[in-house]
Amino acid sequence: MFDERTRCVVLVGVQWGDEGKGKITDVLAEQATLVARYQGGANAGHTVLVDGEEFILHLIPSGALYPDVRCVLGNGVVLDPWTLIDEIEMLQSRGVEIEDRLGVSRRAHLVLPYHKQLDGAKEAAKGSSRIGTTKRGIGPAYRDKIARNGLRVCDLADRDYCWDVVREGAAAANAVLDYYGVEERADSEAVMTRLATVTKRLLALGTDTGAEIRAELAGDGRVLLEGAQGSLLDVDHGTYPFVTSSTTTAGGAAAGVGIGPTLIDEVLGVVKAYTTRVGAGPFPTELQGEEADRLRNLGAEFGATTGRPRRPGWFDGIVVRHAAGVNGLTGLAVTKLDVLDSFDEVLLGVGYQLDGVATANFPERAADIARVRPVYEKEMGWKADTGSCRSWDELPDAARHYLKRIETVAEVPIRLVSVGSARNQIIRVD
Ligand code: GDP
Ligand code: IMO
Ligand code: MG
């Protein structure tokens with residue numbers, strides 16, 4: 001992926017998250033000098049498998065498993081300090097020293113305990129119309145950021161300023177908790193006490209991520225910007241309101257670390273050979289019943305952050321083409337092809353019908369997305385093990401045909417095919 005001319009790559013999820021971004025980041029990070037997260041927070045769960053050992057990362061970039069790669073969290077991330085410290089210590093306890101090569105943007109906003117309380121209370125109050133969030137406080141933390149009542153890493157140096165923000169934040173949270181009829185209350189003193197335990201360590205990690213990345217690219221560095229969630233969870237371009245609260249798409253990457261978009265050379269979209277979604281919201285190609293159970297079990301589709309069963313479905317070409325446009329994808333990494341190895345036939349969504357009329361566009365309204373009927377192409381299964389294939393030519397004919405159809409429907413060239421969760425289960429496509 002990286003070469004003389006390709007020095008800065010954005011990696012984005014193309015569907016509703018869990019496409020295998022962690023695995024692909026880990027593969028590309030071998031050639032990178034710096035890997036950055038640019039949005040989202042501990043709602044992400046990125047899995048990396050190294051020598052049979054599984055690491056699930058929520059905040060720290062998936063470049064962490066290479067000892068010489070610098071890892072940074074950009075200003076666009078909402079950072080839960082306690083989760084970050086737990087993650088640093090989890091890695092340390094498993095022999096991965098990260099703290100001396102980890103940086104967090106001094107401009108990054110903090111997720112505070114009352115953000116999580118608000119997330120939980122709102123979800124509980126909404127009952128059956130809930131979004132099914134990860135309850136990591138993401139929406140409330142971004143809301144405080146945009147409402148200009150957020151607390152950033154740099155602010156930790158000024159305890160009086162922190163008190164002002166936290167006092168107001170807790171009071172506002174309490175009014176909302178009261179509105180939702182929740183008895184629990186935010187406690188500004190408890191928040192300040194907890195913050196005091198992490199302040200020194202967070203300030204020591206503080207950096208200017210934009211300046212770092214620009215310096216890296218001005219030298220010989222190679223930078224990977226690792227997206228979290230997926231394009232259909234983007235707050236503007238996803239299945240609103242069943243989305244997360246950040247710009248997950250490539251346009252957010254530059255702003256989320258503090259560089260100009262002109263520095264980005266490639267945008268790689270990570271896409272499963274089928275589709276999954278976790279949480280509520282419309283999903284046109286969703287499977288039900290036994291077919292869903294089969295795909296979920298074969299793909300081990302259970303949330304890396306919440307453990308919830310993921311909702312499985314067929315590959316949706318309309319979703320991927322929508323994401324390709326919004327992200328300006330220059331290439332695709334297709335993951336989990338091996339999960340389809342045992343199917344007699346595989347369906348590929350190539351269009352939608354809305355009220356009996358064919359539509360080429362991805363509808364804006366969740367209610368319309370929930371009503372579309374997918375138009376499928378039936379592809380022959382390959383009924384062979386792809387997990388041991390290491391080149392395009394080794395793949396069965398029918399699998400190559402399926403991938404070619406994905407490429408044509410998405411209108412984006414495939415650059416990588418992943419055939420298992422291990423690092424070496426990867427096929428590079430020229
Ligand atoms: P992310 O959030 O996009 O990083 O994806 P997750 O880590 O949440 O979920 C992807 C899951 O699929 C993880 O358990 C990975 O280990 C696994 N995985 C990634 N690529 C492949 C693949 O090509 N084949 C199989 N069978 N599993 C994969
Ligand atoms: P990675 O990076 C899959 C979903 C939640 C919910 C919606 C809003 O591992 O792909 P939030 O907690 O963000 O306010 O929840 O977004 N969601 C994810 N789904 N993978 C993720 O991350 C997700 N992060 C959030 O399930 O539907
Ligand atoms: Mg995940």
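Each residue takes its place number in the sequence, starting with 1.
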> Compile the donor-acceptor pairs under 3.5 Å between side chains in residues 142-152 and protein atoms, sequence neighbours left out, one pair per line.
| unit_1 | atom_1 | unit_2 | atom_2 | d |
| --- | --- | --- | --- | --- |
| Y142 | OH | G40 | N | 2.8 |
| Y142 | OH | G76 | O | 2.7 |
| D144 | OD2 | H115 | NE2 | 2.7 |

> Tell me whether D341 contacts the main-chain N or O of T386 through its side chain, where contact means a donor paired with an acceptor under 3.5 Å.
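Checking the backbone N and O of T386 against the side chain of D341, a donor-acceptor pair under 3.5 Å is found.
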
> Between T306 and R308, is there a side-chain donor-acceptor contact under 3.5 Å, judged purely by atom types and distance?
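Judged by distance alone, the side chains do pair up.
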
> Where does the angle between the aromatic ring planes of Y402 and F315 fall among parallel (under 30°), tilted (30 to 60°) and perpendicular (over 60°)?
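Y402 vs F315 ring planes: perpendicular.
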
> Output yes when a side-chain donor or acceptor of N174 lies under 3.5 Å from a complementary backbone atom of R185, and no otherwise.
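No, because the side chain of N174 does not come within donor-acceptor range (under 3.5 Å) of the backbone of R185.
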
> Distance-only check: which donor-acceptor pairs under 3.5 Å involve side-chain atoms of residues 44-57, not counting sequence neighbours?
| unit_1 | atom_1 | unit_2 | atom_2 | d |
| --- | --- | --- | --- | --- |
| H46 | ND1 | E226 | OE2 | 2.7 |
| E53 | OE2 | R94 | NE | 3.0 |
| E53 | OE2 | R94 | NH2 | 3.1 |

> Could you tell me whether E87 and R37 make a salt bridge, using a distance below 4.0 angstrom between a side-chain N and a carboxylate O?
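No, this pair does not count.
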
> E123 vs K135, test: salt bridge (Lys or Arg N to Asp or Glu O under 4.0 Å). Steps then yes/no.
CA-CA 8 Å; E123 284 285 282; K135 302 202 181 126; 6.0 Å; no

> Just checking E189: does its CD atom have more than 12 heavy atoms from other residues, nucleotides or ligands closer to it than 6.0 angstrom?
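No, CD of E189 has 12 or fewer neighbouring heavy atoms, counting only those of other groups under 6.0 Å.
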
> Strictly by modelled atom types, are S342 and R294 linked by a side-chain donor-acceptor pair under 3.5 Å?
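There is such a pair (donor and acceptor under 3.5 Å, judged by atom type) between the side chains of S342 and R294.
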
> Quick check: does any side chain N or O of T239 sit under 3.5 Å from a backbone N or O of A366, one acting as donor and the other as acceptor?
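Looks like no, no N/O pair under 3.5 Å.
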
> Indicate the atoms forming the closest heavy-atom contact of I318 with V350, along with that distance.
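Smallest heavy-atom distance, with atoms named: CD1-O, 3.7 Å.
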
> Could you grab the distance from atom CG of D208 to atom CD1 of I213, nearest 0.5 Å is fine?
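Rounded to the nearest 0.5 Å, the CG-CD1 separation comes to 9.5 Å.
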
> Stepwise, does the side-chain hydrogen bond (donor to acceptor under 3.5 Å, both in side chains) test hold for T275 with D316?
CA-CA 7 Å; T275 314; D316 185 336; over 6 Å; no

> Have N327 and T249 got a donor and an acceptor in their side chains that come within less than 3.5 Å?
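Checked: N327/T249 side chains show no N/O donor-acceptor pair below 3.5 Å.
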
> Please tell me whether Q229 and T248 have a donor and an acceptor in their side chains that are separated by less than 3.5 angstrom.
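Looking only at side-chain atoms, T248 and Q229 do not form any donor-acceptor pair under 3.5 Å.
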
> Decide, yes or no, whether a salt bridge links D18 with R277 under the criterion of side-chain N to carboxylate O below 4.0 Å.
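Judged by the 4.0 Å cut-off on N to carboxylate O distance, D18 and R277 do not form a salt bridge.
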
> Side chains of T207 and E212: do they bring a donor and an acceptor to under 3.5 Å?
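On atom types as modelled, these side chains qualify, holding a pair under 3.5 Å.
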
> Going from CG on D26 to CZ on R423, what distance comes out if it is rounded to the nearest 0.5 angstrom?
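Separation between the atoms: 4.0 Å.
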
> If you compare all heavy atoms of Q15 against all heavy atoms of Y274, which two are closest, and at what distance to 0.1 Å?
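Shortest heavy-atom contact: NE2-O, 2.9 Å.
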
> Kindly say whether E411 contributes a backbone atom to a donor-acceptor pair with the side chain of R321 at under 3.5 angstrom?
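No.
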
> Hey, is R371 close enough to D368 for a salt bridge, meaning N to O under 4.0 Å?
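D368 and R371: salt-bridged.
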
> With distance as the sole test, does Q39 use its side chain to make a donor-acceptor pair with the main-chain N or O of A228 at under 3.5 Å?
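Checked: pair present.
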
> For the residue pair S418 / K23, report whether a side-chain donor-acceptor contact shorter than 3.5 Å exists.
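The answer is yes; a qualifying pair exists.
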
> Using modelled atom types and a 3.5 Å cut-off, is there a donor and acceptor pairing between side-chain atoms of E266 and backbone atoms of T330?
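Here the side-chain-to-backbone pair does not exist.
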
> Is the W314 ring parallel, tilted or perpendicular to the F343 ring (thresholds 30°, 60°)?
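Ring orientation, 0 to 90° scale: perpendicular.
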
